[in-house]
Amino acid sequence: MKIASVKGFHDILPGETARWAWVEQRAREVFARYHFREVRIPILERTELFTRSIGDTTDIVEKEMYTFVDRDGTSLTLRPEGTAGVVRAYVEHALAQQEPVSKLFYFGPMFRRERPQKGRLRQFHQIGVEVLGRDDPAIDAEVLMLLHDLLVELGLRSFTIELNSLGDERCRPAFREAIRAFGEAHRGHLCENCQRRLERNPMRLLDCKVASCTALMATAPTMESFWCQPCREHLAAVRHMLDHASVPYKVAPRIVRGLDYYVRTAFEVKAEGLGAQNAVGGGGRYDGLVKSLGGPDVPGIGFALGLERVLLVLGAAVDEQLEPPLEAFVAPLDAEAELQTLAVARRWRREGLKIELGSASRSLKSQMRQADKSGAPFVFIVGEAELEAGAATVRDMLRKRDYRCAVSFRWTVPEVRAYLRSLGESAEEAPRHE
RNA sequence: GUGAGUGUAGCUCAACUGGCAGAGCACCGGACUGUGGCUCCGGGGGUUGAGGGUUCGAGCCCCUUCACUCACCCCA
């Protein structure tokens, strides 16, 4: 019986890893421009970190966590999201004492034990950012700008940033109660799920997709009418700043978010092509979280992007962005040629040339096939004649032309590259062979 | 956790009312000397997801089980 990977845990094979690396690289560049710095934190945390931050009644904590008891009896959990761990590290190392504002990003696997489907895995990857230490609207706007720039940089064509305010501890409880009362009054018209939500998490009634509920909730009290003055002004300021900087977004009074710690600013990124899922990312403000985890009363805001979903949306479009993996392929024809090319190739590789080496144990025909598949634009063929001349014959794969004993084994990589470039230029002027 | 669908070669899929398990792609090799893609020829590769049952005979019918996929819930 073969051993297969765990359900919902996928291998990412060489055919795909270049895409992942490209996305990560793009993201790093954007983060650098906004002066965010990377943190790398553990995948395993004490269970209470998540129960206390995410919220006892959320789906994540109630039914989706990978939790087990360690040998010494402590309960540990594979992180289902990134913010809790970042905040834990922030508190544990007293970063607030060292700098007034921390702008952080991370990249890594998250774990939720849900039933897998398109765009949803049990181990999935997120790229996320957190800003600790600022609660003014300008930082919210800046984070949303970063999010927008990142999505554009990654090549997402059609996406929407949906923005809302969830209110804060002053105004949200009243709204929550109003929704509960409203739902209670119309209990008979709610779908089964919403009837359950009524007790557990009434705010969720707002984003139910069942048509009858949507219709009913359209007549429900709105968050907007409950916002306290500071919340109202905060959102207005964020919007004003985004508008002024021409950052596109859509106001979405119904978005609610699945984690308890969010206050005020909350947002999601919606895109097409994800099956039943349509969110590639989401985030929001979490002003009370640091304090509730034993730290100073420091505000925070952040977001996370699901990498699998980003890659799903991008599809094959990413491939055109990838660098060609090889500059040349070297084909030795016999044992002596192999001995020489091994040494020469090694020297060139140390100088940065990306080359693949064939094997003299295979025929030239076979090596050419291999070279063709590798995508190398040139093949350096080395047989008896080339050894005598101390230079490789170059096969230009695109233009189907040979240059006998043209590339000296003694050349440096810049010389090799200059020569290969010159072939392209001269061939444009010269009449094409078939 | 609930529902539906699908399991045959590495991948995508055929195989009539039960009758010798196949194709395309991919991989490897060849088509006179040291040259790729196109074409042609050849080759390797299978416990038909697993276990049991019915039958002279099961990929196909029955039971059990496992896995995967999609959807619900919810989210990245």
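This one's a predicted model, so the numbers in the text were calculated from it and none came from an experiment. First the proteins, then the strands, lettered A, B, ... as listed; each starts at 1.
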TODO: Give one of base, sugar-phosphate or nothing for Leu311(A), where a contact means two heavy atoms less than 4.0 Å apart.
DONE: nothing
TODO: Measure the acute angle between the ring planes of Phe36(A) and Phe31(A), then classify it against the limits of 30° and 60° as parallel, tilted or perpendicular.
DONE: tilted
Open item on the list: A71(B), OP1 or OP2 - any side-chain N/O from Gln117(A) closer than 4.0 Å?
Closed with: yes
- [ ] Give Ile381(A) one of three labels, base, sugar-phosphate or nothing, depending on what nucleic acid heavy atoms sit under 4.0 Å from its own.
- [x] base
TODO: Scan every strand shown for a Watson-Crick or G-U wobble partner of A21(B), both distances under 3.5 Å, and answer none if you come up empty.
DONE: none
Task: Separation between the P atoms of C38(B) and C28(B), rounded to whole Å - done: 13 Å
- [ ] Scan Glu384(A) against the nucleic acid and name what it touches under 4.0 Å (heavy atoms): base, sugar-phosphate only, or nothing.
- [x] base
Task: Pairing nucleotide - U8(B), Watson-Crick or G-U, each distance under 3.5 Å - done: none
- [ ] Answer yes or no: does a side-chain N or O of Arg362(A) lie under 4.0 Å from OP1 or OP2 of G29(B)?
- [x] yes
Task: Residue matched to C61(B) through Watson-Crick or wobble contacts both under 3.5 angstrom - done: G53(B)
Open item on the list: What contact category does Gly128(A) fall into here, base, sugar-phosphate, or nothing, at under 4.0 angstrom with non-hydrogen atoms?
Closed with: nothing
Task: Heavy-atom closest pair, residues Val313(A) and Leu274(A) - done: CG2-CD2, 3.6 Å
Task: Interatomic distance at P, G7(B) relative to G29(B), whole Å - done: 34 Å
Task: A26(B) and U64(B), which share atom name P, separated by this distance in whole Å - done: 42 Å
Task: Any Lys365(A) side-chain N or O less than 4.0 Å from OP1/OP2 of G36(B) - done: yes
Open item on the list: Once you apply a heavy-atom cut-off of 4.0 Å, does Ala371(A) come out as touching a base, just sugar-phosphate, or nothing?
Closed with: nothing
Open item on the list: Taking only the P atom of each, what is the distance from C60(B) to A9(B) in whole angstrom?
Closed with: 15 Å
TODO: Please name the residue in the list Phe159(A), Tyr249(A), Phe267(A) that meets the ring pair (Phe, Tyr, Trp, His ring centres under 6.0 Å) test with His148(A).
DONE: Phe159(A)
Open item on the list: On the nucleotide A67(B), are OP1 or OP2 found under 4.0 Å from the side-chain N or O atoms that Lys7(A) carries?
Closed with: no
- [ ] Tell me the partner of C27(B), counting only Watson-Crick (N1-N3 plus N6-O4 or O6-N4) or G-U wobble (N1-O2 and O6-N3) with both under 3.5 Å; none if nothing fits.
- [x] G43(B)
Open item on the list: Nearest whole Å is fine: how far is C27(B) C1' from Gln370(A) CD?
Closed with: 12 Å
- [ ] Looking at every strand, decide which applies to Leu121(A) at a 4.0 Å heavy-atom threshold: base, sugar-phosphate, or nothing.
- [x] base
Task: Atom-to-atom span, CZ of Arg120(A) to P of A71(B) - whole angstrom - done: 9 Å
Open item on the list: For C28(B) and Ser363(A) - does any side-chain N or O of the residue sit under 4.0 Å from the phosphate oxygens OP1/OP2?
Closed with: no
Open item on the list: Rounding to an integer number of Å, can you tell me how far Glu114(A) CD sits from A71(B) C1'?
Closed with: 14 Å
Task: G29(B) OP1/OP2 closer than 4.0 Å to side-chain N/O of Ser366(A) - done: yes
Open item on the list: I'd like the C1' distance from C13(B) over to U6(B), given in whole Å.
Closed with: 13 Å
Task: Gap in Å between the two P atoms, one belonging to G10(B) and one to C56(B), rounded - done: 34 Å
Task: Test side-chain contact (heavy atoms from CB on, under 4.5 Å) applied to Pro137(A) and Glu142(A), Arg264(A), Met241(A), the passing residue - done: Met241(A)
Task: Residue mapping more 5' on RNA chain B - nearest nucleotide basis, Leu274(A) or Gln126(A) - done: Leu274(A)
- [ ] Give the rounded distance in Å between these two atoms: NZ of Lys63(A) and P of C72(B).
- [x] 13 Å
TODO: Specify the separation, in whole Å, of atom CD1 of Ile60(A) and atom C1' of C73(B).
DONE: 13 Å
- [ ] Measure from CZ on Phe378(A) to P on G37(B) and round the result to the nearest Å.
- [x] 19 Å
Open item on the list: If you apply the rule side-chain hydrogen bond (donor to acceptor under 3.5 Å, both in side chains), what do you find for Asp149(A) with Tyr34(A), and how did you get there?
Closed with: CA-CA 10 Å; Asp149(A) 286 1; Tyr34(A) 280 80; 2.5 Å; yes
Task: Among Asp140(A), Asp168(A), Thr265(A), side chain to side chain donor-acceptor pair (under 3.5 Å) partner for Arg285(A) - done: Asp140(A)
Open item on the list: Between the base of G34(B) and the side chain of Glu386(A), is there a donor and acceptor pair under 3.5 angstrom?
Closed with: yes
Open item on the list: I'd like the C1' distance from U54(B) over to A15(B), given in whole Å.
Closed with: 22 Å
Task: Pairing partner of G3(B) (Watson-Crick or G-U wobble, both distances under 3.5 Å) - done: C70(B)
Task: Spacing between Arg257(A) atom CZ and A76(B) atom P, to the nearest angstrom - done: 4 Å
Open item on the list: Between Ser75(A) and Glu48(A), do the side chains contain a donor N or O and an acceptor N or O under 3.5 Å apart?
Closed with: no
Open item on the list: At 4.0 Å (heavy atoms only), tell me whether Glu268(A) reaches a base, stays on the sugar-phosphate, or touches nothing.
Closed with: nothing
Task: Nearest-nucleotide 5' precedence on RNA chain B, Arg115(A) against Leu398(A) - done: Arg115(A)
Open item on the list: Are the side chains of Ile60(A) and Arg112(A) in contact, using a 4.5 Å heavy-atom criterion?
Closed with: yes
Open item on the list: Please report the distance separating the P of G46(B) from the corresponding atom of G22(B), rounded so that it comes out in whole Å.
Closed with: 13 Å
Task: Presence of His10(A) side-chain N/O under 4.0 Å of U69(B) phosphate oxygens OP1/OP2 - done: yes
TODO: Could you state the atom-to-atom distance from CG of Leu364(A) to P of G37(B) in whole Å?
DONE: 12 Å
TODO: State whether the distance check finds a donor on one side and an acceptor on the other, under 3.5 Å, for side chain Arg369(A) versus base G37(B).
DONE: no
Task: Who pairs with G34(B) - Watson-Crick or G-U, where each distance is under 3.5 Å - done: none
Task: Opposite nucleotide pairing with A14(B), Watson-Crick or G-U, both atom distances under 3.5 Å - done: none
